[in-house]
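The structure appears below as structure tokens.
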Amino acid sequence: MSERFDVVVIGSGPAGYIAAIRAAQLGFKVACVERWKNPAGEGVLGGTCLNVGCIPSKALLASSEEYEKLTGDLGEHGITVTGAKVDIARMMARKDGIVGKMTKGIEFLFRKNRITWLKGHGRFLPSADGFFRIEVAGEGEPEVSEAKNVIIATGSNPRQLPGIEVDNESICDNVGALSLAAVPRRLGVIGAGVIGLELGSVWRRLGSEVTVLEAMPAFLAACDDAVAKEAARSFAKQGLDIQLGVSIGDVRKSRKGVSISYADAKGEAKSLEVDRLVVSVGRVPNTDGLGLEAVGIEVDERGFVPVDDHCRTRVPGLYAIGDVVRGPMLAHKGEDEGVMVAELIAGQAPHIDYNTIPWVIYTAPEIAWVGKTEQQLKAEGRDYHAGQFPFAANGRALGMGHPEGFVKVLADAKTDEVLGVHIIAHNASDLIAEAAVAMEFKASAEDIGRVCHPHPSMSEVVREAALASNKRALNM
Ligand code: FAD
Ligand code: NAI
């Protein structure tokens, strides 16, 4: 006899595991299906984010930033260090240790919330008696579970480029790029998006010559133009060679490394020889072997599971969240969808304002934003006022040796409601949270300007930019 659950979640990435926990908090009997195995062959929870995404990339970004400090940035503090060395094996072991702690943490949370982990690959069988039926194929015989509600949270995979075979040795996706055994002398990256810039930064700081080849003629097109310009200047100064408007041709592996033929923005034929290549050209939703046809669901033309604003599919009781549905492929977006769906199942009336989901790129300086860019407001014909304030005029930023960057606040011309906040700065990831809260509460720029901010702190720049949008910055 199959075991029956109120809610079965397929996938335990940030979308799935949070959905499972919230559903359990609300009193449901919950199971979560997960098939992921770590390199040691053990089943692990946490999905892309914890195993080969957000968490390991941020660990390596932090380690490489410490190394770069020692080899240059500390000079202005009057501190000289000689003989700084990188031990990649130890750096990787630290990263793997953090991943292990985090994934074990989810196992603990599952036990605490009495969530059953169904280990193996999940797939839909035709529903019967008003219950979804899910077969889980793990180590032993496949087992079938039944559920009143199912949440699909099967995530995404790296997009492949035709003719470029990722082996995670010389040609890597995020998995290989987070586990290189040595610092490549020359590293090539295809795609100047979030992964390309973050992981390109890691290896550049550790000593690689990094060339990034990007198809689009504009750099960081999703960012506010002023931020994208500042970022391009900053990354060029650091030595990241970013070439825009390229068209990738043949990519061949040789004994020495990888050779990439491409046409540059002017159409001239070029070639690049590198020791390792990272391909980071976006991600695609994952519904492999899920058996969606058994429940009457067809993916859309881009492979996403179609859902409404509340992550409901067309089949009652069947939901989909996270990277496998429309919207930004961000861990915190998936988490919020997980909470929303669990609360919907419980009969509550949750809601997500997708306009207030913050974005962060963890380069140095970090880039973070929430809401509309200035170019979007112009395209919409919306009347707005803008204020910008530099970190170079902030005592805390100077004291920390991080004077680069600025905050830009965009607010409605009539109502002064904050429409967008854009930050390029050290720790922009933490600073943006204030802007997201302000926008959720429909704050005006004046509201932010009237709130007392701690001194000296980087957050004063958010306040000054808000004041600047009403032409009343105090320190400029
Ligand atoms: P996933 O995390 O992909 O999890 C899906 C899970 O479902 C997987 O564990 C998979 O094994 C399981 N699964 C799939 N199909 C089945 C099946 N049929 N049966 C059983 N199990 C199944 N986002 C941020 O917000 N901040 C960051 O800093 C950030 N950094 C990133 C860095 C990198 C290098 C990468 C690659 C991504 C990063 N992301 C970041 C994006 C983030 O990782 C994803 O948005 C997030 O993991 C999506 O969560 P998810 O739960 O939808 O899917
Ligand atoms: P991306 O969408 O951020 O960037 C891909 C880049 O590759 C784009 O600039 C695109 O124009 C370029 N590109 C596409 N095809 C190309 C081609 N043939 N030749 C050259 N360039 C090409 O995708 P990325 O970096 O792979 O990351 C995937 C997703 O993972 C991100 O969109 C983001 O949602 C998530 N992520 C989030 C992070 C964060 O929040 N800090 C960090 C890393 C990933």
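Hydrogens, waters and symmetry mates play no part in the numbers below; they use all other heavy atoms, side chains included. Whatever order the structure lists ligands and atoms in, that order sets their numbers, starting from 1. Every value quoted in this text rests on a predicted model; they were computed, and no experiment measured them.
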Consider ligand 1: state whether an atom of it lies below 4.0 angstrom from any non-hydrogen atom of [X].
X	value
Val52	yes
Gly120	yes
Glu198	no
Ser57	yes
Ser156	yes
Lys333	no

Open item on the list: Which label fits His351 and His310: parallel for a plane angle under 30°, tilted from 30 to 60°, or perpendicular past 60°?
Closed with: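 Judged by the thresholds at 30° and 60°, the geometry between His351 and His310 is tilted.
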Requested in this report: Using the six-membered ring of Phe131, assess whether NZ or CZ of Arg4 lies under 6.0 Å from its centre and within 45 degrees of the ring axis.
Outcome: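 That pair qualifies as a cation-pi contact.
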NZ or CZ of Lys333 within 45° of Tyr354 ring axis and under 6.0 Å: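 Because its charged atom misses either the 6.0 Å distance or the 45° angle limit, Lys333 does not stack over Tyr354.
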Thinking salt bridges, do [X] and [Y] make one under a 4.0 Å N-O criterion?
X	Y	result
Glu343	Arg22	yes
Asp224	Lys408	yes
Glu3	Lys29	yes
Lys69	Glu65	no

Test your reading of the structure: does [X] have an N or O sitting under 3.5 Å from an N or O of ligand 1?
X	result
Asn174	no
Gly46	no
Arg283	no
Thr48	yes

Original post:
Measuring from Met340:CE to Tyr319:OH, what's the distance to the nearest 0.5 Å?
Top reply: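 Rounded to the nearest 0.5 Å, the CE-OH separation comes to 10.0 Å.
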Would you mind running through ligand 2 and noting each atom that sits below 4.0 Å from a heavy atom of Leu330?
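Taking each heavy atom of Leu330 in turn, ligand 2 has 40 (O) under 4.0 Å.
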Of the choices [options], which has the non-hydrogen atom that lies closest to [atom]?
atom	options	answer
atom 23 (O) of ligand 2	Gly282, Pro328, Gly193	Gly282
atom 37 (C) of ligand 1	Pro56, Gly11, Gly53, Ser429	Gly53
atom 9 (O) of ligand 2	Glu198, Glu214, Met329	Glu214
atom 29 (C) of ligand 2	Met216, Arg283, Glu366	Arg283

Atom 40 (C) of ligand 1: nearest protein contact (heavy atom, Å):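 Its nearest protein heavy-atom neighbour is Cys54 SG, 3.1 Å.
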What is the closest protein heavy atom to atom 25 (O) of ligand 1, and at what distance does it sit?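 Minimum-distance protein heavy atom for atom 25 (O) of ligand 1 reads Ala331 N, 2.9 Å.
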>> Is it the case that ligand 2 has an N or O less than 3.5 angstrom from some N or O of Ile361?
In response: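 No, no N or O pair falls under 3.5 Å.
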Once you restrict to heavy atoms under 4.0 Å, what part of [X] touches ligand 1? Side chain, backbone, both or neither.
X	result
Lys58	side chain
Ile195	side chain
Pro158	neither
Asp323	both

Sub-4.5 Å side-chain heavy-atom contact between Ser280 and Val189 |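 Ser280 reaches Val189 side chain to side chain.
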